[in-house]
Every structure is written in C-alpha cells, then in structure tokens.
Amino acid sequence: MPWSDTAGLSFRWSYHLADALSRNGVRHVFISPGSRSTPITLALTHHPRLICHSVLDERAASFMALGAAKKTGKPAVFVCTSGTAAANAYPAVIEARMSATPLILLTADRPPSSRATGASQTIDQIKMYGDYPVFFFDSGEPVDTPGDFRRLSQLGVQACRYAVDKGGPVHLNLPFRKPLEPSNEQISACLDRYRDKTGQMDTRHENITATVTQSPRPVPDSILEMLHQSRHPLVVAGPDSNPASIFFNWCRDNGLPMLCETGGITGGITRHALFLSDDTSMHNILEPDLIIRTGGDPIHRTTLAMLETGQAAQVVITDHPDQPDATLSATHVLRGNPDDYDWPNAIPDTETRNRFATYRNAWISAVDTISEQLQQILLEEVRLTDAHVYHHLLPLIQRSGIGRVVVSNSYPIRDYLLYGSPDAVNTLPWLVNRGASGIDGLSATAIGSALAERQPTVLFTGDLAFL
C-alpha cells in the first residue's frame with residue numbers, strides 16, 4: 001500500500017520517531033489514550049524495546065513518567081491527545097524543570113489548518129508550557145521524504161540529549177491529519193521495513209556517540225586554599241544529591257560532617273534540624289567557617305536560616321541549569337557534578353583530617369544528645385503521632401528490603417528526616433519532588449517509580465496530597 005496514504009504515513013512517521021527515542025535511552029512510556037494520538041500510540045506500543053503503560057488520567061500519567069525518569073535517570077515519555085489533555089501535564093513539566101528530570105512529552109495536535117478556527121479539541125499548543133521545557137519542537141504534519149525522516153531520527157537524538165544534558169522536560173508537538181487508524185497491513189508493512197533478514201531491528205538510524213574518558217577536573221585553587229585554612233568545614237547535602245557520590249565517600253574519609261537533607265548517604269547527620277532550632281546551639285565550637293553544598297536547597301527552615309545568617313564562605317556544587325541558592329548566600333559556585341572534581345587530592349595531610357574529624361565528632365555528639373531527648377519524649381507520649389509513624393515504620397521498612405521510599409512535601413518530608421532513625425534514613429534510597437516542592441502528583445510519582453524497575457516502594461504522604 002503506498003505510503004502517501006495518510007494513516008499509513010502517520011504510523012510510519014511515528015514509528016520512526018519511536019525507534020529513535022528507544023535507541024537513545026527511552027524505555028518507559030506512559031500513554032493517556034485519545035483519538036488524535038492514535039498514530040504515535042500505536043507506534044510506541046508496537047515497538048519491541050519500549051515498555052508502555054496505559055493511564056487514563058493525563059495528570060497522573062505525566063507524574064508517573066516523572067517518577068520513572070527520577071528512578072532510572074533516563075528519559076521517560078508521556079503521551080496524550082490534543083487540546084486540554086496536554087494542559088493537565090503542566091505541573092509535572094514544572095517539577096521536571098525545577099528538579100532537572102529528563103521528561104519527554106509527546107502531545108498530539110490537530111493539523112495547522114484546524115488551528116484558530118474553533119475546531120473541536122483544538123487549542124494553541126505551540127510552546128504551551130512556556131519556558132519550562134529545555135527544548136520544544138513542532139514536527140509539522142508527516143511528510144514522505146528521506147530528508148524529513150532523517151530529521152525525525154535527529155529529533156529523537158535531540159529530545160533525549162536535551163532532556164539529560166540540560167536536565168528537564170522536552171516538548172515535542174506532533175500534528176496528525178485524519179484518517180488516524182492504519183490498517184493491519186500498513187502496520188505490518190512498516191514493521192517489515194525496520195527488520196533485516198535475521199529478524200532484528202534495522203540499525204541504520206542508530207545514534208552512535210563516542211565515549212571520551214577524561215581525568216577529573218582539579219579543584220580550583222581558591223577552594224583548596226579555603227579547605228586548607230578551614231577548621232570547621234561543614235557539608236550540606238540537599239535533596240537530589242547522589243548518595244553514591246565519590247564526593248561523599250571523600251567527606252566521610254576525611255572527617256567532614258555532613259548534614260543530610262536527603263536519603264541514603266552513609267555517615268550523614270539527619271537530625272541536625274532539632275539541634276539548629278535551639279537558639280543557643282550554634283556556639284563557637286560548632287559554628288562552621290566553610291560550607292560546601294550539593295543538591296537542591298535544604299528542606300529544613302533552620303538549615304536555611306543557618307545558611308542565610310552565617311558568615312562562613314559557601315561553595316555550591318551544582319550541575320542544575322538553575323543554580324539552587326534560595327538564600328542567596330553562595331560565595332562560590334562549582335559548575336558540574338561533585339564527582340567531576342578531583343577531591344581525593346584536595347586534603348593531603350593527616351593533621352587536616354584529624355582537625356576535621358574533631359569537628360565532626362562534636363556535631364555528632366551534640367545531635368546525639370538532642371536525639372536521645374527526642375527518644376525519651378516519644379516513649380512517654382501515649383498518643384499516636386506522626387513522629388511515632390516514622391520512628392517505628394522506617395526500621396521495619398529498612399529490614400524488609402523495600403527498594404525505595406517516596407516522601408511527600410510539607411510536613412512528611414521534614415518529619416521523615418527528624419523522626420526516622422538515622423540508620424534507616426541513611427540506608428533507604430528515597431525519591432522526592434523537591435523541584436517545585438508541590439504536593440500534587442505524589443501518588444502517581446511513586447507508582448511511576450515502582451513501575452520503572454518493578455521494585456517494592458513505600459509512599460509517605462499527607463492527607464491532602466493523597467486526596
């Protein structure tokens with residue numbers, strides 16, 4: 001059947017894009033069914049390397065895709081039909097941008113001839129998410145020329161690279177003209193064109209990227225000088241810090257205390273907010289003279305207050321496009337991932353390590369003292385409180401081998417860090433939506449995370465967030 005047939009061409013066009021996305025890291029696709037998105041939906045569901053999930057509600061589907069992307073670190077795809085269906089993904093788009101999560105949105109659209117005519121389910125979808133996407137492209141209607149198909153292959157490469165390298169959502173708008181439903185013969189003919197004689201997918205459109213190995217960047221001399229002169233260096237690990245980072249191993253080995261407002265970092269101090277809330281606590285022995293920050297901005301108000309009012313130099317290490325510094329207190333910024341830098345050679349002498357370790361032990365002792373007071377209060381309190389929930393459940397979850405914990409914003413995330421046992425908090429990997437810190441979409445984010453790698457997942461959420 002000739003490919004000039006509209007439905008057949010739309011399917012082949014969509015399959016070409018689906019194949020390009022699959023070759024550049026996409027595995028999970030969350031599809032909200034609709035009529036106008038039929039060509040791209042059929043293409044994605046027929047692709048052997050893509051795992052497709054059908055989700056009726058667009059808002060939930062977009063947050064599930066967000067959760068899958070956060071869990072895997074790879075681009076996840078959200079698909080919807082035209083009109084207001086796409087508008088339901090706006091909160092997930094914002095969170096993806098603010099948290100640098102690689103989310104790809106494929107929004108089906110009416111053909112340009114239907115726009116601004118009052119046609120049903122037709123709205124202006126061109127850059128409908130404003131400046132939040134790191135890349136936007138309107139593909140235009142399918143065209144049967146070699147150059148246009150090569151452009152689709154490049155579009156798949158661009159979508160995945162922008163989503164990962166720039167960190168955020170990518171919006172591809174795909175107009176389709178009726179008829180939308182290809183015949184079985186047209187689908188089979190398209191799939192046959194993508195297979196070689198051995199039955200494997202044709203790799204002519206595969207994107208090949210050369211791997212370049214380079215040494216870690218040297219830590220700038222100004223930062224080295226501050227480290228060598230420091231007596232009280234403090235590390236603040238904010239949300240979305242990588243718990244497996246070599247940088248945190250270096251901090252632990254060299255005696256730097258780490259205030260952890262994230263999960264899964266061995267040796268971190270998690271109940272520091274209780275200590276910082278005491279107005280008399282920041283006496284001279286614990287006042288930092290250098291602060292090194294990673295991840296997003298801290299969760300606890302007391303930690304933010306320490307950053308905002310302190311006099312110490314503050315080094316923010318970030319690869320986020322928007323430099324996280326809500327307190328406007330950073331004095332130095334290192335662009336990139338903490339592991340991009342050669343930290344192992346940053347502290348050469350034992351005397352410096354011992355000095356730092358003494359400071360860390362003082363922090364641990366101070367937090368342990370106030371933590372013991374908390375334990376006593378929990379034992380004496382006969383009512384069931386939120387604090388008891390985290391205190392009792394987190395050790396059980398830790399022992400059960402649960403794959404991941406997802407925590408809602410507002411009080412749950414703060415209570416999790418304050419009242420969960422430090423050992424559990426520092427062991428359990430977690431996932432949070434701290435980009436825009438909203439309470440919407442948390443249940444869907446948790447489901448998407450669980451689906452991405454088929455791991456048992458526990459969600460701690462508030463009543464409003466759940467509803």
Side-chain angles (χ1 to χ4, degrees), residues 14 17-18 20-22 24-45 47 50-109 123 125 127-130 132-139 155-156 158-160 162-164 166-176 431 433 435-436 438 440-452:
S14 298
L17 176 59
L21 292 171
S22 76
N24 288 276
V26 171
R27 286 296 174 268
H28 288 273
V29 180
F30 294 81
I31 302 171
S32 289
S35 175
R36 191 61 54 168
S37 55
T38 296
I40 187 65
T41 294
L42 288 175
L44 292 163
T45 54
H47 199 285
L50 296 176
I51 303 170
C52 295
H53 312 272
S54 179
V55 185
L56 291 178
D57 182 76
E58 289 87 2
R59 182 185 179 94
S62 61
F63 272 103
M64 287 185 190
L66 179 85
K70 286 195 174 192
K71 177 67 173 68
T72 63
K74 298 178 179 179
V77 170
F78 161 73
V79 181
C80 71
T81 191
S82 63
T84 57
N88 288 288
Y90 210 160
V93 170
I94 294 172
E95 174 61 30
R97 175 58 185 269
M98 301 295 287
S99 61
T101 302
L103 175 67
I104 297 176
L105 301 99
L106 306 182
T107 58
D109 199 356
I123 65 173
Q125 296 180 201
K127 293 195 172 183
M128 66 180 299
Y129 303 120
Y132 283 104
V134 296
F135 178 67
F136 168 81
F137 192 88
D138 182 88
S139 68
L155 183 59
Q158 287 176 309
C160 294
Y162 273 109
V164 173
K166 286 199 171 183
V170 165
H171 178 202
L172 306 184
N173 195 56
L174 311 174
F176 295 111
L431 187 151
N433 283 348
D440 47 347
L442 260 300
S443 299
T445 301
I447 293 170
S449 169
L451 287 173

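Residue numbers run from 1 in the order of the sequence given.
Atom CZ of residue F176 and atom OG of residue S139 lie 6.5 Å apart, to the nearest 0.5 angstrom. The SG atom of C80 lies 11.5 Å from the CD1 atom of I40; values are rounded to the nearest 0.5 Å. Taking CD of Q158 as the start and CG of N24 as the end, the distance is 10.5 Å to the nearest 0.5 Å. The line from CG of N433 to OG1 of T445 is 4.0 Å long, rounded to the nearest 0.5 Å.
Listed by first and then second residue, the ring pair (Phe, Tyr, Trp, His ring centres under 6.0 Å) pairs involving residues 52-108 are H28-H53, F30-H53, Y90-Y129 (not counting sequence neighbours). Residue pairs that meet the salt bridge (Lys or Arg N to Asp or Glu O under 4.0 Å) test with at least one member in residues 87-99, sequence neighbours left out, are K70-E95, R97-D322.
V26 places a side-chain heavy atom less than 4.5 Å from the side chain of C160. Residues L42 and S14 have side chains not in contact (no heavy-atom distance under 4.5 Å, counting atoms from C-beta outward). Within the 4.5 Å cutoff, the side chain of L174 has heavy atoms near those of the L17 side chain. For the pair V164/P75, a side-chain contact is recorded, criterion being any heavy-atom separation below 4.5 Å from C-beta on. Proximity of F135 to H171: side-chain heavy atoms (C-beta onward) are nowhere separated by under 4.5 Å. Put simply, the side chain of Y162 does not reach to within 4.5 Å of the side chain of P102, judged on heavy atoms. Looking only at side-chain heavy atoms (C-beta outward), T41 and V79 come within less than 4.5 Å of each other. Side-chain contact between I31 and T45: present, with at least one pair of heavy atoms (C-beta onward) separated by less than 4.5 Å.
The minimum heavy-atom distance between A18 and L44, with the atom names listed, is CB-CD2, 3.7 Å. When all heavy atoms are compared, the tightest approach of P33 to V55 is CD-O, 3.6 Å. The nearest pair of heavy atoms linking L103 to A92 is CD2-O, 4.1 Å. Between G130 and P133, the closest heavy-atom pair is O-CD, 3.5 Å.
Partners of Y132 by ring pair (Phe, Tyr, Trp, His ring centres under 6.0 Å), not counting sequence neighbours: none found. Qualifying salt bridge (Lys or Arg N to Asp or Glu O under 4.0 Å) partners for D138, counting only residues two or more places apart in sequence or in other chains: R115. Partners of T101 under the side-chain hydrogen bond (donor to acceptor under 3.5 Å, both in side chains) rule, at least two apart in sequence or in another chain, are S99. Residues satisfying the side chain to side chain contact (heavy atoms under 4.5 Å, CB included) criterion with A159, sequence neighbours excluded, are L21, I104, V170, L172. The side chain to side chain contact (heavy atoms under 4.5 Å, CB included) search around N88 returns E58, R59, not counting sequence neighbours. In this view, S62 satisfies the side-chain hydrogen bond (donor to acceptor under 3.5 Å, both in side chains) rule with no residue, not counting sequence neighbours. Residues forming a side chain to side chain contact (heavy atoms under 4.5 Å, CB included) with K127 (at least two apart in sequence, or on another chain): F136. Remark: S22 pairs with D19, R27, H47, R49, L50 by the side chain to side chain contact (heavy atoms under 4.5 Å, CB included) rule, at least two apart or across chains.
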Please step through side-chain contact (heavy atoms from CB on, under 4.5 Å) for the pair M128 and N173, ending with a clear verdict. CA-CA 10 Å; M128 66 180 299; N173 195 56; 6.0 Å; no

Under the side-chain contact (heavy atoms from CB on, under 4.5 Å) criterion, do L442 and D440 qualify, and how do the steps go? CA-CA 6 Å; L442 260 300; D440 47 347; 5.7 Å; no

Apply the test side-chain hydrogen bond (donor to acceptor under 3.5 Å, both in side chains) to residues S82 and D109: give CA-CA distance (whole Å), side-chain angles for both, the deciding distance (0.1 Å), then the verdict. CA-CA 5 Å; S82 63; D109 199 356; 5.4 Å; no

Chi angles and distances behind the side-chain contact (heavy atoms from CB on, under 4.5 Å) call for I51, L451: CA-CA 10 Å; I51 303 170; L451 287 173; over 6 Å; no

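Other residues, nucleotides and ligands place no more than 12 heavy atoms under 6.0 Å from the CE atom of M98.
With T81 contributing its side chain and R36 its backbone, the two residues share a donor-acceptor pair below 3.5 Å. With hydrogens and angles disregarded, a donor-acceptor distance shorter than 3.5 Å links the side chain of Q125 to the backbone of G83.
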